[in-house]
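Since the structure comes first, as C-alpha cells, the remarks are kept for the end.
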Amino acid sequence: MQKLIAIVNVIAWGGFWAFGYLALSSDTNETGQMVTAAILAAMGGGLGMLAFLWLVRHSEETGYARRPNRAEKRDDEIDTYGEVTRNVLS
C-alpha cells in the first residue's frame, strides 16, 4: 500500500506541474482551456499533498523516519505557565 501511495504521489505532483504550466501558458482567449487546466492542476496538487502527508505519517508510525522533536511539559511547568521568574541582581 505504501508503494501505491508513493506512485500516486509522484503522478499527482507531475500532473500538478504539467497542468499548472498549461494553465499559465495558455492563450488568454482560450479561457475554457485555461480554467480546465487550472482545475486539473489544483486537483493534482491537492492529491499530491494528501499522499505526501500520508507517507510522512506512515513513515513516522513505522519507525522509518524519526518523529519531530517536541518538548513535553513537566507538571511543575504547567502549574506556573505564564509566569516569568528570574533573578535580578541589584
Side-chain angles (χ1 to χ4, degrees):
M1 183 62 137
Q2 183 178 356
K3 290 182 181 182
L4 178 65
I5 298 294
I7 291 170
V8 168
N9 186 20
V10 170
I11 292 172
W13 281 117
F16 167 75
W17 287 109
F19 287 112
Y21 174 76
L22 289 175
L24 292 175
S25 66
S26 65
D27 189 18
T28 56
N29 295 332
E30 298 290 332
T31 56
Q33 180 183 6
M34 187 177 359
V35 169
T36 304
I39 290 171
L40 290 173
M43 288 172 49
L47 183 62
M49 185 60 68
L50 287 175
F52 175 74
L53 292 175
W54 185 90
L55 286 171
V56 168
R57 186 175 350 122
H58 179 71
S59 64
E60 287 178 352
E61 288 174 356
T62 58
Y64 185 71
R66 278 191 357 216
R67 292 190 178 272
N69 293 334
R70 294 191 178 112
E72 294 182 15
K73 291 188 177 183
R74 299 184 314 219
D75 291 334
D76 59 341
E77 289 179 351
I78 293 173
D79 294 337
T80 60
Y81 181 73
E83 295 180 14
V84 177
T85 57
R86 61 183 157 153
N87 282 335
V88 179
L89 299 174
S90 29

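This one's a predicted model, so the numbers in the text were calculated from it and none came from an experiment.
- Its side chain within the 4.5 Å cluster rule, W17 clusters with W13, F16, M49, F52, L53, V56 among the Ile, Leu, Val, Met, Phe, Trp and Tyr residues.
- By the 4.5 Å heavy-atom criterion applied to side chains, Q33 and T36 are not counted as neighbours.
- The backbone N or O of A23 lies less than 3.5 Å from a partner atom in the side chain of S26, making a donor-acceptor pair.
- In the hydrophobic clustering (ILVMFWY side chains linked at under 4.5 Å, chained through shared members), L47 is joined by V8.
- Connection of V35 to M43 is established within a shared hydrophobic cluster, with ILVMFWY side chains joined at heavy-atom distances below 4.5 Å, either directly or through further cluster members.
- The minimum heavy-atom distance linking T28 with M34 is given by the pair CA-CE, 4.2 Å.
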